[in-house]
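Below, read A as the first sequence line, B as the second, and so on, with proteins coming before strands; counting in each chain starts at 1.
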Amino acid sequence: MRFEKIAPYTYRIPRQGKMRVDAVFFASEEILRDLEGENYASLQQLVNVATLPGIVEPALAMPDIHWGYGFPIGGVAAFDPEEGGVVSPGGVGFDINCGVRLLASHLTLEDLLPRQKELADTLYRLIPSGVGSERKDVRFSKKELKEILKEGAGWLIRRGFGYPEDLHFIESEGRLPWADPDKVSERAFERGAPQIGTLGSGNHFLEVQYVDQIYDEEAAEAFGLFPNQITVLIHTGSRGLGHQVCQDYVERFLKVDPRYGIELVDKQLAAAPIKSPEGQDYLQAMAAAANFAFANRQLIAHFVREAFEVVGFPPRDHGLRVLYDLAHNNAKFEEHGGKRVLVHRKGATRAFGPGHPEIPPEYRKVGQPVLVPGDMGRYSYVLSGTEKAMAVSFGSSCHGAGRKMSRHQAKRVARERNLIKELAERGILVRAATKATVDEEMPEAYKDVSVVVEAVQGAGIGKKVARLRPLIVVKG
DNA sequence: ATGTAC
């Protein structure tokens with residue numbers, strides 16, 4: 001396919017074939033080489049997205065783009081409900097409202113190191129991880145679960161799992177208000193019920209980290225970050241519940257697409273008009289799953305605090321507060337270019353710039369925090385949203401490093417090695433449900449996230465604030 | 001991502 005450079009770190013694929021709009025992606029020279037080689041299929045997926053009805057120009061991809069179900073991961077697409085715009089489960093992803101929550105503490109590296117091992121063991125004990133993991137200690141009835149699906153993180157805070165001020169630092173206050181639990185299948189309920197407060201598997205993780213680099217003093221101060229500070233990053237989503245919602249609605253949409261005259265270049269793009277009953281049902285079920293994910297991260301944060309307390313840091317000492325909780329798999333109505341559009345972000349984050357009313361007042365002057373996990377051996381970044389992102393990417397930025405090796409390939413490379421030991425020798429304590437997950441997730445399996453961040457900053461859709469290095473990693 | 005093939 002043909003594309004052209006239109007700005008620093010920014011490329012356009014002009015409308016061609018069945019595309020309704022141009023596509024734009026952000027990349028460095030290094031990322032571009034990958035996109036012209038092994039990662040070419042993900043650009044083709046971006047072109048496919050541009051064929052969907054009612055899409056608002058342009059179809060977008062962040063620098064961490066890679067192949068996904070239907071839409072590429074790292075994709076952003078906005079649809080106009082007044083122009084036949086659609087909603088697509090594949091544009092949100094199977095793990096509805098997957099995201100990351102960053103907790104910032106009062107502790108420093110020196111405070112933590114003497115208790116590092118004990119804390120690693122305690123976190124692993126208090127936070128179930130792995131495929132099919134369940135909580136035995138906190139269970140919710142069907143009626144309570146329905147309330148959680150309507151209310152999100154706030155429901156748990158009311159029950160004492162968290163501090164009231166947590167809510168204020170969660171994207172959308174931890175709740176998508178149009179949720180309707182009655183649009184969620186019985187099977188999804190059954191799968192989700194025991195999974196609130198569990199990490200899951202794959203790239204999901206919990207990390208204890210320290211701040212090793214500050215790039216923007218003003219933003220770091222606004223976010224309350226300082227050198228050598230201990231932070232905790234939680235990455236998880238809506239577990240089996242969101243997965244089941246996605247599956248249910250892909251199947252339902254495929255049946256009705258011919259009736260709505262929606263021609264799909266790929267079945268995995270299954271979509272329904274936003275204004276159709278099916279589209280509305282999915283949006284309400286998706287919001288319910290999103291609220292489940294916000295609640296999941298809330299309950300995990302509660303047990304992170306408890307773990308710090310168990311190893312001898314009372315709340316006054318650990319001071320763990322929610323710096324921000326940011327989703328990277330959802331679809332939300334937002335104002336862009338004077339229009340109300342449905343923005344799908346799949347493996348992409350919201351990155352609203354300075355002054356936006358949806359940013360907590362404490363951060364509003366510098367833009368919203370954008371949390372960008374890397375890999376378990378290197379580092380993660382905190383960025384800030386920008387005005388430019390509002391203008392060119394529907395207020396969106398990247399969500400992570402992106403894989404470099406397939407899971408299979410990584411396992412083959414890691415087979416002869418003892419990654420847990422290697423990482424321990426570098427001061428990173430890993431606690432994981434299975435060796436296979438650690439192998440698949442080894443640092444070399446991922447692109448260096450600093451490459452992605454360089455492209456984001458170069459394109460102007462995010463600004464570096466701080467870098468975080470891992471000390472403890474809990475994996476599925 | 002995922003009761004990793006209901």
Side-chain angles (χ1 to χ4, degrees), chain A residues 42 45 64-75 88-101 128-136 139 145 184-206 234-252 254 268 270 282 285-286 288-290 292-294 296-297 300 326-331 344-349 373 375-376 399-403 405-412 414 432-441 445-446 474-476:
Chain A
S42 68
Q45 289 190 310
D64 49 337
I65 179 176
H66 53 285
W67 190 90
Y69 180 90
F71 286 53
I73 295 160
S88 172
V92 169
F94 268 82
D95 192 0
I96 294 167
N97 215 40
C98 185
V100 281
R101 172 181 294 213
S129 61
V131 176
S133 50
E134 300 184 350
R135 277 215 94 86
K136 312 287 181 199
R139 291 277 184 149
L145 200 55
V184 172
S185 69
E186 198 55 43
R187 183 186 280 198
F189 267 98
E190 281 167 18
R191 288 179 68 173
Q195 295 184 326
I196 301 188
T198 68
L199 210 46
S201 180
N203 67 2
H204 289 164
F205 65 80
L206 185 153
I234 299 160
H235 176 203
T236 187
S238 49
R239 310 284 285 102
L241 185 138
H243 189 274
Q244 191 62 47
V245 166
C246 182
Q247 197 182 311
D248 291 341
Y249 281 89
V250 166
E251 285 168 15
R252 190 167 161 202
L254 280 174
Q268 295 185 354
Y282 171 69
M286 184 212 69
F292 181 96
F294 282 134
N296 188 23
R297 292 194 286 276
I300 291 173
L326 179 66
H328 53 229
N329 277 15
N330 63 22
H344 293 62
R345 296 190 180 92
K346 179 189 190 178
T349 67
D375 61 79
M376 65 167 95
H399 90 306
R403 291 194 77 88
M405 286 182 204
S406 69
R407 293 190 174 277
H408 180 77
Q409 201 182 354
K411 262 193 279 208
R412 190 159 40 77
T434 62
K435 179 186 182 317
T437 304
V438 179
D439 289 355
E440 287 172 8
E441 292 288 312
Y446 281 87
V474 178
K475 292 288 295 182

Item checked: Gap between atoms CZ and C1', on A/Phe94 and B/dT4 respectively (whole Å) -> 13 Å
Item checked: Carboxylate-amine/guanidinium contact A/Asp439 A/Lys435, below 4.0 Å -> yes
Next item on the list: Starting at atom CD of A/Gln244, determine the distance to atom P of B/dT2, rounded to an integer number of angstrom.
Entry: 13 Å
Next item on the list: Let me know the distance between CD of A/Glu440 and C1' of B/dT2, rounded to the nearest Å.
Entry: 13 Å
Checklist line | Distance in angstrom units between A/Gln195 CD and B/dT4 P, rounded | finding: 11 Å
Notebook entry, point to check: Can you check the A/Arg407 CZ to B/dT4 C1' distance for me, whole Å?
Noted result: 10 Å
Next item on the list: Can you sort out the partners of A/Arg407 under salt bridge (charged side-chain N to carboxylate O under 4.0 Å, His left out), two or more places apart, ordered by chain and number?
Entry: A/Glu440, A/Glu441
Check: Rounded to the Å, how far apart are A/Glu190 CD and B/dC6 P?
Finding: 15 Å
Item checked: Position toward the 5' end of DNA chain B (nearest nucleotide), A/Gly130 or A/Gln247 -> A/Gly130
Next item on the list: Measure the distance from NZ on A/Lys435 to C1' on B/dT4 and round it to the nearest whole Å.
Entry: 18 Å
Check: Among A/Thr434, A/Thr236, A/Val131, which residue meets the side-chain contact (heavy atoms from CB on, under 4.5 Å) test with A/Ser201?
Finding: A/Val131
Checklist line | A/His399/A/His235 aromatic ring centres below 6.0 Å | finding: no
Checklist line | Separation of atom NZ in A/Lys475 from atom P in B/dT2, rounded to whole Å | finding: 11 Å
Item checked: A/Arg187 vs B/dC6: side-chain N/O to OP1/OP2 distance below 4.0 Å -> no
Next item on the list: Pick base, sugar-phosphate or nothing for A/Ser201, based on heavy-atom distances below 4.0 Å to the nucleic acid.
Entry: sugar-phosphate
